[in-house]
Amino acid sequence: ALELLLVTPLTVGQIIGGRVRGLWSQYLPAIVVFAALALVIRGLGLWMPPWWDVEPRQMWWRYILVLASLPVVGLFFSLRMSFQLLATAAVVFLGALWPLSMPGMVSYAVKRASFHLNTPFEEMFPPFLVAETSSFWFLLTLALVVGLCGYQLQRDLARRNFVLRS
């Protein structure tokens, strides 16, 4: 089906935008229902979801940004890799797990370094860089992944360079 799209008079940006909007419109209702049910269940005090933080406003916007960017990363890997399972694993790791875990990894590395240097890590770096809930490393990693995947996706589609499955 993508091969037919590439011979139509659509630009590369229109193809990418249409595919991303199609994925968002398909999955957005389910995500909204899931989030609404989680809010109702938490509000009633029946259950505390394991992914919910003490302060939920700290993480919700991160999950929304990851969900908004996953279609671009997913489209890139679906066109780049011939094995679907490998492409799915790459999308989950590079598009979600790596950006979401980066603040914790940086915080852990700084704490280990400060332990070996006998210096409190609060004195080594500003808190916005080393806190486990730091937004800086998350945004930097997500922007890097989405930017590189989006650029390469646009370049590959313009050059008609993608893996054909038979």
Side-chain angles (χ1 to χ4, degrees), residues 1-38 47-53 56 58-113 129-166:
L2 186 64
E3 296 85 11
L4 293 174
L5 276 177
L6 290 173
V7 296
T8 62
L10 295 173
T11 65
V12 172
Q14 288 174 324
I15 292 172
I16 294 172
R19 303 257 318 175
V20 169
R21 277 191 306 276
L23 286 170
W24 285 340
S25 66
Q26 187 174 10
Y27 291 106
L28 189 62
I31 292 167
V32 168
V33 168
F34 176 75
L37 283 174
W47 177 64
M48 177 67 86
W51 43 266
W52 202 294
D53 293 315
Q58 291 179 355
M59 291 298 285
W60 271 98
W61 66 270
R62 293 182 189 193
Y63 296 132
I64 291 169
L65 282 177
V66 166
L67 288 172
S69 62
L70 276 180
V72 174
V73 178
L75 184 56
F76 167 72
F77 281 111
S78 71
L79 293 178
R80 183 52 74 106
M81 297 181 170
S82 59
F83 298 109
Q84 182 180 2
L85 188 59
L86 186 59
T88 303
V91 169
V92 169
F93 178 74
L94 288 175
L97 294 180
W98 188 35
L100 287 171
S101 63
M102 195 61 165
M105 289 189 289
V106 170
S107 176
Y108 176 76
V110 169
K111 286 178 184 177
R112 291 287 292 180
L129 286 178
V130 295
E132 290 182 17
T133 58
S134 172
S135 304
F136 176 77
W137 294 108
F138 165 75
L139 290 173
L140 181 68
T141 308
L142 188 66
L144 181 71
V145 169
V146 172
L148 289 175
C149 287
Y151 171 76
Q152 193 65 36
L153 173 65
Q154 188 168 4
R155 193 168 147 222
D156 286 349
L157 284 175
R159 293 180 179 180
R160 308 303 195 246
N161 180 23
F162 51 89
V163 176
L164 292 175
R165 293 172 200 86
S166 51

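All of these numbers come straight from a predicted model, not from anything done at the bench. As a basis for the values below, the full set of heavy atoms in this structure was taken, side chains included, without hydrogen atoms, waters or symmetry mates.
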Roughly how far, to the nearest 0.5 Å, is [atom2] of [Y] from [atom1] of [X]?
X      : Y      : atom1 : atom2 : result
Leu97  : Met102 : CG    : CE    : 13.5 Å
Cys149 : Leu70  : SG    : CG    : 10.5 Å
Leu28  : Leu23  : CG    : CG    : 11.5 Å
Thr141 : Phe136 : OG1   : CZ    : 9.0 Å
Ser78  : Arg19  : OG    : CZ    : 6.0 Å
Leu75  : Gln154 : CG    : CD    : 11.5 Å

Does a side-chain heavy-atom distance below 4.5 Å link [X] with [Y]?
X     : Y      : answer
Tyr27 : Leu67  : no
Phe76 : Leu148 : no
Trp98 : Met105 : yes
Arg62 : Val66  : no

Nearest heavy-atom neighbours spanning [X] and [Y]:
X      : Y      : result
Val72  : Gly150 : CG1-CA, 3.8 Å
Pro9   : Gln14  : O-OE1, 4.4 Å
Leu142 : Ser69  : CD1-OG, 3.5 Å

Side-chain donor or acceptor of Ser107 paired with backbone N/O of Pro103 under 3.5 Å:
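Absent.
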Could you go through Thr88 and Phe77, starting from their C-alpha distance and side-chain angles, then the distance that decides it, and tell me whether this counts as side chain to side chain contact (heavy atoms under 4.5 Å, CB included)?
CA-CA 8 Å; Thr88 303; Phe77 281 111; over 6 Å; no
Partner of Ile16 under side chain to side chain contact (heavy atoms under 4.5 Å, CB included), chosen from Leu10, Thr11, Leu153
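The side chain to side chain contact (heavy atoms under 4.5 Å, CB included) with Ile16 is passed solely by Leu153 among Leu10, Thr11, Leu153.
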